**Student:** 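My structure is below; once you've seen it, I'll send some questions.
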Amino acid sequence: MTSEQRTAALIAEPGLEAAATAADRKRGLLLALPAYVYLLLFFVLPFLIVFVYSFATRSATGATRLSDWNLLAYQKLFDSLVVQIVWRSFWIASLTTIICLVMAYPFAYYIATRRPAVRNVLLVLVMIPFWSNFLIRTYAWRFILGTDGPIATLTDALGMEPVRLLFTNAAVMIGLVYGFLPFMVLPLYAAIERLDWSLVEAARDLYASGWSAFRKVTLPLTRSGIIAGSLLVFVPSFGAYVTPAILGGSKDLLLGSYIVTQFQQARNWPFGSALSIVVMVFMLAALMIRARTGAEEV
Amino acid sequence: MKRWLGVLVALMLVAAACGGSEEAAVSTSDCGPGDTDGDLSFYNWAEYIDPDLIDAFEAEYGISVEYTEYESNEEMLAQVEAGAAVYDLVVPSDYMVDTMIQEDLLVKLNKDAIPNLGNLDDAFTNLPFDEAGDFSVPYQWGTTGIGVNVGAIGEGFDPSWALLFDADVADQYQGRISLLDDPLEAMVAALHYAGYTLEEVIADNNLDAIAEAEAILAEANARVAKYDSVNFGDDLVTGEVDIAHGWSGGFFASFAEADNADELVYIIPKEGGVRWVDNMAIPVTAEHPCSASTMINFILDAENGATLTNWNYYGSPNEASEAFILPEILEDEAIYPSGDALENLEFIPQVGELGLELQDAFTRSKS
């Protein structure tokens, strides 16, 4: 049966249509079931446990008591100390996102405008870092930025004051940008590659300058890539733990490390849970912005 | 919405049930000296026992020992609480013994099964975290102090916390200093520098002293290169820092592998600081409590205790062992301090409600 015949048959017999839809739905559910179960077990359930724990009580010795439910952990979120840590994490994640965007956009543009063969080589080069473990690569930065590293050797050889990079915010930022840059390049590349160049040509034919053609045509048309890339960089940077722990020397605490501290040293699980909820709310907010702007585009 | 609430309530009930379920009580009262009741699962700090001792124990009692390691008290506690793995013998530090007793996580020891308890030095039989010694037996002890690269900063420095905290002394070491990333240790160091002990501060609920210590740490923050509780020894060896706050044994282990070992020293500041004891204890989840008792007794043997110290360079609480400990260890002031240095040391007491305040003060000081 061709699709036309099928449609005709369905129109003739409305009962069949309902049956087909039901069968379709069933098949769809079956296909999605493994993913649903996985998400339920390993995302929804843990999230609910964290949510429940955030209302629990901490005993004087640090044990978590699942009784006397209270909002103390949420009250503590408004401590100036906590606000400061959340704010610092927020601007470090924002700055990382902006630096990645500024670096990745021209690069993605460059890749997308090469010959297909060159393009593939360049894309492989972007992905090569993923071949080795993120932790190992971050430790490598420790050597590069450290007192015996190549940067220090170079400044030494030039007779300059020794530059102290390791264990500073600059080192954390370098590590974050390094780690997340590919996540910005790839969606941008996908968006730019999809771009209908005839629209840009039309703009130029209508006497738009190169800059205004870019601003009025290329940029809006690649917006979905910009938003996707920015989310992929911002969300993990905001809760980053490994990079600040290794390159930041545990100074100027960020949210990720602060949460770990609550679960280990401080043994304040309710508060750690409440902090995790905050991160989750930030992520949801970011995703909702994406859902909204994404919907406009269709 | 109602359905979600139902799910939530169900989850809370499940969580509460998991938390509340009690295992059948483990007891060592039926254990006699030298008894074993199966292979021993021993959960201890990393690099903390001479492997030969384990072999000797296995040979003597004909059971095998499964030896696993942890790197912090909190890590061990989380494992014991979660009950995911079964451990028969653990080695919590002082304040953690107190916590575990209060949380009903430790089994009362049957002292008749541990005749070698008599070998303990009197200084270790009346410890503040377990005064009667009902739940724990000292394993090894050590101190928290300062590791110094004498090659970098020169001889003749004053052995004092001023190396970290006095602007006149420490400013020249800007960016060459590391502190332990541990709220209690950092706060105790600053408190001792300011002339307090943590014990007094807790007894008097002295928030002003905590604020004073926080200010000292906050001022030091600008000079500190990093806060690290794991790599402090190695960072000193590689020259990443020249002055490091850390635990005695961690330094000795790093120094032992250093090319410039003769330039590296560990000092106990004259104002004193933390003296810690790690203790053997049997968790309530243990499955082989008699084997665990027997291991405790085995470690307390005079010669075995000495083997331990000769291997890991921590102080031994075992008085009878001293005859077998290498003289260069017994004479080393950095391992066996005497006089004022010994006098001013304190065990970290249970901090109770002040714990979160100390934690917050430390976090604020480095922000």
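Reckoned from all heavy atoms, side chains included, excluding hydrogens, waters and symmetry mates. Quantities reported herein were computed from a predicted structural model and do not represent experimental measurements.
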**Student:** Within this structure, what is the CG-NZ distance for the pair A/Asp252 and B/Lys366, rounded to the nearest 0.5 Å?
**Tutor:** 9.5 Å
**Student:** B/Glu81 versus chain A, heavy atoms under 4.5 Å apart: side chain, backbone, both or neither?
**Tutor:** side chain
**Student:** Would you say that more than 12 heavy atoms from the other residues, nucleotides or ligands in this model lie under 6.0 Å from the CG of B/Asp171, or not?
**Tutor:** yes
**Student:** Using a cut-off of 6.0 Å, state whether more than 12 heavy atoms not belonging to A/Phe263 lie near its atom CZ.
**Tutor:** yes
**Student:** Contact part of A/Tyr258 toward chain B, heavy-atom cut-off under 4.5 Å: side chain, backbone, both or neither?
**Tutor:** side chain
**Student:** Determine the option with the most heavy-atom pairs under 4.5 angstrom with chain A, choosing from B/Val224, B/Leu358, B/Asp228.
**Tutor:** B/Val224
**Student:** Looking only at heavy atoms, what is the nearest atom pair of A/Gln265 and B/Asp181, with distance?
**Tutor:** NE2-O, 2.6 Å
**Student:** Between B/Asn221 and chain A, which part of the residue has a heavy atom less than 4.5 Å away: side chain, backbone, both or neither?
**Tutor:** both
**Student:** Contact part of B/Ala225 toward chain A, heavy-atom cut-off under 4.5 Å: side chain, backbone, both or neither?
**Tutor:** both
**Student:** Using a 4.5 Å cut-off on heavy atoms from C-beta on, say whether the side chain of B/Lys226 contacts that of A/Leu166.
**Tutor:** no
**Student:** Considering only heavy atoms, which portion of B/Glu240 lies under 4.5 Å from any heavy atom of chain A: side chain, backbone, both, or neither?
**Tutor:** both
**Student:** Counting heavy atoms not belonging to B/Glu103, are there more than 12 under 6.0 Å from its CD?
**Tutor:** yes
**Student:** Do the side chains of A/Thr261 and B/Gln359 get nearer than 4.5 Å, heavy atoms only?
**Tutor:** yes
**Student:** Do other residues, nucleotides or ligands put more than 12 heavy atoms under 6.0 Å from A/Phe134 CZ?
**Tutor:** yes
**Student:** Is B/Thr238 in contact with chain A via its backbone, its side chain, both, or neither, using a 4.5 Å heavy-atom distance?
**Tutor:** backbone
**Student:** Is it the case that over 12 heavy atoms from other parts of the model lie below 6.0 angstrom from the CH2 atom of B/Trp45?
**Tutor:** yes
**Student:** Using a 4.5 angstrom heavy-atom cutoff, name the option from A/Asn268, A/Thr64, A/Leu253, A/Leu81 with the most pairs to chain B.
**Tutor:** A/Leu81
**Student:** Kindly determine whether A/Arg267 and B/Thr99 satisfy side chain to side chain contact (heavy atoms under 4.5 Å, CB included), including the steps that lead there.
**Tutor:** CA-CA 11 Å; A/Arg267 301 226 306 132; B/Thr99 298; 3.5 Å; yes
**Student:** Do you know which of A/Ala63, A/Gly248, A/Ser67 has the most heavy-atom pairs with chain B at a distance under 4.5 angstrom?
**Tutor:** A/Ala63
**Student:** Looking at A/Phe130, I'd like to know if its CZ atom is crowded, meaning that more than 12 non-hydrogen atoms belonging to other residues, nucleotides or ligands lie closer than 6.0 Å.
**Tutor:** yes
**Student:** Give a yes or no on whether a salt bridge exists between B/Arg364 and A/Asp79, defined as a side-chain N under 4.0 angstrom from a carboxylate O.
**Tutor:** no
**Student:** Would you mind checking which part of B/Asn231 comes under 4.5 Å of any heavy atom in chain A, side chain (CB onward), backbone (N, CA, C, O), both or neither?
**Tutor:** side chain
**Student:** Please determine whether side chain to side chain contact (heavy atoms under 4.5 Å, CB included) holds for the pair A/Gln264 and B/Asn73, giving the CA-CA distance in whole Å, both sets of side-chain angles, and the decisive distance to 0.1 Å.
**Tutor:** CA-CA 9 Å; A/Gln264 292 181 350; B/Asn73 279 307; over 6 Å; no
**Student:** How about B/Lys108: does its NZ atom have over 12 heavy atoms from other parts shown lying under 6.0 Å from it?
**Tutor:** no
**Student:** Check whether more than 12 heavy atoms from other residues, nucleotides or ligands sit under 6.0 Å from atom CD of B/Glu69, and answer yes or no.
**Tutor:** yes
**Student:** Checking B/Leu77 against chain A: side chain, backbone, both or neither under 4.5 Å from a heavy atom?
**Tutor:** side chain
